[in-house]
Student: 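Here it is, the structure in full.
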Amino acid sequence: MIKSSLTLFFLLLTTLTFSQSYKLGEFDDNEISLSEVAYETDAPAVILVSEGNSRFLSGFLETTYFVRLKILSEAGKEYADIRIRYYAGDNNTESVNGVKAQTTNFVNGKPETVKVSKDGIFNVDLDDGYKEMRISFPNVQVGSIIEYQYRKTDKNLTFIDGWTFQSKLPTLFSKYGINMVPTLEYKVLGQGENYNAGVEKTTDNDKYSWTLRDLHSLKEEPYMKNYRDYVDRIEFQLSRYEVRGDYGPKWEFVLNTWEVLGDEVISMYSQKGFYRSNPIEKEFLDVDLKGDTQLETAEKAYYFLRNNFRVVGEDWIYPEQNLNQLLKSKVGSPVELMLTLMGILKSEGITCEPVLIGSKGYGRSDIVPFPFLNQFDEILLLTELDGKKHFIDLSQADAPFGYVDLDKHVTAGLYLEKEKSKLVPIDIQHASNSIYFSQVSMNEDGQLAITNSHRSYRYSGLRLAQQIEGIQKRNESLEKLFDEEEGVVFENFKVDNYLEEKDVLMVNFEMKFPETEGQEMILFSPLKFSSFAENPFTQEYRMFPVDFGYAFSETFNTVVTIPEGYELDDYPLEAGYTIDGEYVVFIYSPTIIENSLKIAAKFMVKTPLIPASEYENLKYFMESVASKLSEPVILKKKISI
């Protein structure tokens with residue numbers, strides 16, 4: 001990922017920075033005596049203080065950082081190796097210096113401090129112009145307080161990184177301050193539940209600060225991978241700056257409208273050759289992609305590029321190659337392939353334009369209603385095919401036409417059109433459900449046997465197809481799709497992948513239970529294939545929303561033919577569960593007809609993003625669902641009279 005910037009032609013006068021309120025080696029009694037975090041008692045370490053202060057100098061921004069961290073357990077010692085990533089680029093866009101660091105232990109109540117030597121502070125080159133400053137602290141023990149401070153300078157004044165208040169450790173105190181100057185005006189963009197609910201903000205002339213306290217650590221949680229969209233943080237984008245004009249000072253605006261921002265990006269794509277007037281496919285590809293309908297033409301073009309070009313590199317909005325280089329190499333990044341597809345469709349008379357989006361996990365749960373370029377990191381194509389709008393994505397090499405990476409299922413994006421760029425809603429409709437059919441009976445060997453047919457549609461089908469491909473590449477049995485269970489034999493797998501033609505993947509297979517032969521009583525769970533046969537939510541509390549990714553349902557239809565000589569002893573009773581708001585719903589309905597037990601069940605996620613405030617209700621709901629799905633059917637031999 002390349003750190004983008006715009007060039008500003010003006011000089012800034014040096015301003016006074018905030019006085020730093022914390023200093024190395026100056027501890028209070030609470031910090032010295034602290035042995036655990038009251039609201040997170042299992043924390044291996046804790047950030048006591050995290051503070052940053054920024055000021056503008058001539059042509060760059062300088063930020064001073066101070067961090068104080070305490071080790072609470074043996075596991076916490078791993079946090080004594082600090083890594084600070086920054087973008088140097090080709091002209092030292094960012095640089096780090098003035099590093100000081102030390103370890104303090106307390107022996108009989110007295111502090112003993114060891115400073116980090118020069119050998120313990122060093123830089124490492126990473127890819128794409130990034131570097132990492134590393135600090136390795138000596139003599140770290142349980143109870144140690146480690147501290148470090150440094151300065152970072154940044155020549156990119158259009159976008160200021162700002163501050164992230166949370167970290168992988170609980171944080172007792174986190175503060176960011178900045179001294180603004182009269183010649184610059186910035187849009188301030190804050191986010192996060194704690195930030196919105198209780199940030200302490202101070203203003204003193206052009207000095208601003210934001211403080212948060214007692215923050216939980218950022219922990220991995222089930223059904224949430226987009227943590228960055230919800231963490232408490234603050235950042236800035238330049239909106240205008242003052243310059244000298246013929247008649248005195250005047251203001252120059254920076255990306256102040258969606259139209260201006262859109263034209264800036266279109267100009268960049270044009271310079272790379274992706275907006276062409278000549279037909280790409282006829283001049284360079286020597287292929288006829290014309291279909292009977294616009295939809296058929298778009299599909300042909302999509303599959304031609306997907307099957308004949310290799311997608312590599314990061315999904316990002318900035319192409320590195322120009323169009324000619326891509327067409328020669330036939331290897332390109334997702335944005336390069338999608339812009340090429342756009343050119344092909346345009347040359348066929350199809351309306352098609354890029355849409356900039358901020359993908360899930362890039363940092364924003366909702367789009368900022370201001371032309372803030374850094375909120376966008378990926379693109380889609382928006383086309384009109386036979387009078388209907390379609391979003392097209394070419395970032396997944398194994399995805400059929402019309403599939404959009406789930407991380408791109410966001411609420412809105414910036415539609416790029418010369419002098420007419422605008423925000424547009426993104427609503428990608430799909431039915432990504434799973435249907436499970438099962439027939440339970442006794443085979444000719446007197447063993448319980450189950451014949452299964454699973455149908456997975458759209459995104460559920462694609463995910464399953466990817467799992468199957470991985471298993472087959474490892475030359476393993478497809479029984480790896482399911483949890484291991486003693487006394488169960490899987491056989492006769494058959495996979496039919498119709499995702500490109502019918503949006504469905506079908507898996508048929510059989511199961512038999514050899515140990516049931518001749519048993520007086522047979523016990524089995526008829527709905528063992530649900531993704532929620534075990535409750536995934538076991539944590540005491542939750543920081544982030546639950547994100548199921550998309551709305552879907554799992555439908556189960558099981559018919560149990562009661563074997564001759566047996567009778568139904570017990571079976572799960574009818575049930576139905578939901579929570580306030582009906583985000584999720586579960587229905588279980590058994591029916592006895594003659595010598596058969598029919599079970600119909602359905603699990604539905606109606607609203608895929610469930611707020612953390614509903615976590616306790618969701619946890620109880622999922623526990624009830626898992627319990628119901630695990631309830632057995634019991635058959636017993638009839639007593640001969």
Side-chain angles (χ1 to χ4, degrees), residues 1-3 20 22-25 27 43-54 60-105 112-156 160-176 215 217-220 227-228 231 233 314 363:
M1 186 179 295
I2 299 173
K3 187 181 177 79
Q20 188 166 290
Y22 290 88
K23 294 182 179 180
L24 293 171
F27 313 113
V46 58
I47 294 176
L48 302 171
V49 177
S50 178
E51 184 178 33
N53 291 297
S54 296
F60 61 91
L61 182 79
E62 180 186 81
T63 303
T64 60
Y65 294 81
F66 177 88
V67 178
R68 177 176 293 161
L69 186 154
K70 187 166 189 179
I71 308 300
L72 301 178
S73 69
E74 287 293 327
K77 290 182 179 180
E78 68 176 271
Y79 295 96
D81 287 322
I82 302 299
R83 301 187 177 195
I84 299 162
R85 192 168 179 254
Y86 61 98
Y87 180 73
D90 296 327
N91 61 348
N92 286 327
T93 302
E94 294 179 346
S95 61
V96 171
N97 50 61
V99 183
K100 294 181 181 179
Q102 61 186 37
T103 303
T104 301
N105 292 301
E112 294 184 356
T113 298
V114 179
K115 296 185 182 299
V116 178
S117 66
K118 291 183 178 180
D119 293 340
I121 302 171
F122 53 95
N123 277 283
V124 175
D125 290 329
L126 305 178
D127 295 331
D128 298 325
Y130 281 92
K131 291 187 176 183
E132 200 169 67
M133 190 266 287
R134 298 181 180 178
I135 307 174
S136 183
F137 287 84
N139 197 28
V140 176
Q141 305 169 19
V142 175
S144 294
I145 294 180
I146 65 174
E147 303 172 279
Y148 59 95
Q149 64 183 40
Y150 63 94
R151 293 190 307 274
K152 187 178 82 170
T153 59
D154 191 347
K155 296 178 182 177
N156 180 359
I160 297 178
D161 290 339
W163 192 254
T164 299
F165 294 91
Q166 293 162 290
S167 81
K168 293 180 179 179
L169 293 172
T171 301
L172 302 188
F173 180 89
S174 185
K175 178 180 179 180
Y176 177 68
L215 301 171
S217 60
L218 298 176
K219 290 183 178 179
E220 189 171 318
Y227 305 101
R228 193 166 181 261
V231 298
R233 63 194 186 97
E314 196 168 6

Student: With sequence neighbours excluded, tell me which residues meet salt bridge (Lys or Arg N to Asp or Glu O under 4.0 Å) with K100.
Tutor: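 For K100, no residue satisfies salt bridge (Lys or Arg N to Asp or Glu O under 4.0 Å) once neighbours in sequence are set aside.
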
Student: Tell me the closest heavy-atom pair linking P170 and A43, and the distance in Å.
Tutor: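 Distance-wise, the nearest heavy atoms are CG-CB, 3.5 Å.
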
Student: Hey, what do you get for CZ (F137) to CD1 (I145), rounding to the nearest 0.5 Å?
Tutor: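 It is 12.0 Å, given to the nearest 0.5 Å.
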
Student: With rounding to the nearest 0.5 angstrom, report the OH to CG distance, Y86 to L126.
Tutor: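 One gets 9.0 Å once the value is rounded to the nearest 0.5 Å.
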
Student: Pick from Y65, W163, F66, Y22: which one makes a side-chain contact (heavy atoms from CB on, under 4.5 Å) with S50?
Tutor: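 That would be W163.
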
Student: Looking at R68 and K23, would you say the former's side chain and the latter's main chain have a donor-acceptor pair under 3.5 Å?
Tutor: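 Present.
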
Student: Please name all residues satisfying side-chain contact (heavy atoms from CB on, under 4.5 Å) with T104, sequence neighbours left out, ordered by chain then number.
Tutor: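 With sequence neighbours excluded, T104 shows a side-chain contact (heavy atoms from CB on, under 4.5 Å) to F27, Q102, F106, P111, T113, E147, given in chain and number order.
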
Student: Are any non-hydrogen side-chain atoms of L172 and V46 less than 4.5 angstrom apart?
Tutor: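 Yes, their side chains come closer than 4.5 Å.
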
Student: Can you tell me how far apart CG (L218) and OH (Y227) are? Round to the nearest 0.5 Å.
Tutor: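 The CG atom of L218 sits 9.0 Å away from the OH atom of Y227.
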
Student: Between A80 and V140, what is the shortest heavy-atom contact and its length?
Tutor: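 Looking at all heavy atoms of both residues, the closest pair is CB-CG2, 3.6 Å.
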
Student: Using the test side-chain contact (heavy atoms from CB on, under 4.5 Å), find all partners of K168 that sit at least two apart in sequence or belong to another chain.
Tutor: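 Once residues adjacent in sequence are excluded, K168 has no partner under the side-chain contact (heavy atoms from CB on, under 4.5 Å) criterion.
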
Student: Has R233 got a side-chain atom pairing as donor or acceptor with G363's backbone, closer than 3.5 angstrom?
Tutor: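 Judged by distance alone, yes, a pair lies under 3.5 Å.
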
Student: Tell me, do V116 and I135 make a side-chain contact under 4.5 Å, heavy atoms counted?
Tutor: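 Yes - at least one pair of side-chain heavy atoms lies under 4.5 Å apart.
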
Student: Output the distance between atom OH (Y150) and atom OG1 (T63), rounded to the nearest 0.5 Å.
Tutor: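 Separation between the atoms: 9.0 Å.
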
Student: Does some side-chain heavy atom of K70 sit less than 4.5 Å from a side-chain heavy atom of L72?
Tutor: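 Result yes, sub-4.5 Å side-chain heavy-atom pair found.
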
Student: Using ring-ring contact (aromatic ring centres under 6.0 Å, His included) as the criterion, list what pairs up with Y79, not counting sequence neighbours.
Tutor: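 ring-ring contact (aromatic ring centres under 6.0 Å, His included) list for Y79, sorted by chain: empty.
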
Student: Hey, does N123 have a side-chain heavy atom less than 4.5 Å from the side chain of R134?
Tutor: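 With C-beta onward as the side chain, the pair stays apart.
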
Student: Tell me the closest heavy-atom pair linking S73 and V142, and the distance in Å.
Tutor: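 For S73 and V142, the tightest heavy-atom pair comes out as C-CG2, 3.5 Å.
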
Student: Who pairs with R151 by side-chain contact (heavy atoms from CB on, under 4.5 Å), at least two apart in sequence or on another chain?
Tutor: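 Checked R151 against side-chain contact (heavy atoms from CB on, under 4.5 Å); matches are E62, T64, N97.
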
Student: Is V67 close to Q149 at the side-chain level, that is, under 4.5 Å between some pair of heavy atoms?
Tutor: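 Q149 does not reach V67 side chain to side chain.
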
Student: Which residues pass the side-chain hydrogen bond (donor to acceptor under 3.5 Å, both in side chains) test with E78, sequence neighbours left out?
Tutor: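 With neighbours one apart ignored, the set is empty.
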
Student: Say whether S144 and N105, considering side chains only, have a donor N or O and an acceptor N or O under 3.5 Å apart.
Tutor: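 Result is yes, a qualifying pair exists.
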
Student: With the side chain counted from C-beta on, respond yes when K152 and D161 share a heavy-atom pair under 4.5 Å apart, and no when they do not.
Tutor: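 Of all side-chain heavy-atom pairs linking D161 with K152, at least one is under 4.5 Å.
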
Student: Return the CG to CG distance between L169 and L69, rounded to the nearest 0.5 Å.
Tutor: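 Between atom CG of L169 and atom CG of L69 there are 5.5 Å.
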
Student: Under a 4.5 Å cut-off applied to non-hydrogen side-chain atoms, are T153 and F60 in contact?
Tutor: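 A side-chain contact exists here, since the closest heavy-atom pair is under 4.5 Å.
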
Student: Testing the 3.5 Å rule here: is there a donor-acceptor pair between the side chains of E94 and N92?
Tutor: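 No, N92 and E94 have no side-chain donor paired with an acceptor closer than 3.5 Å.
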
Student: Does any non-hydrogen side-chain atom of Y148 lie less than 4.5 Å from one of I82?
Tutor: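 Yes, their side chains come closer than 4.5 Å.
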
Student: Scan side-chain atoms only and decide if N91 and T93 contain a donor-acceptor pair under the 3.5 Å cut-off.
Tutor: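 Side-chain D/A pair, N91 to T93: present.
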
Student: Could you grab the distance from atom CG of L215 to atom OG1 of T171, nearest 0.5 Å is fine?
Tutor: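 Reported value, rounded in 0.5 Å steps: 5.5 Å.
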
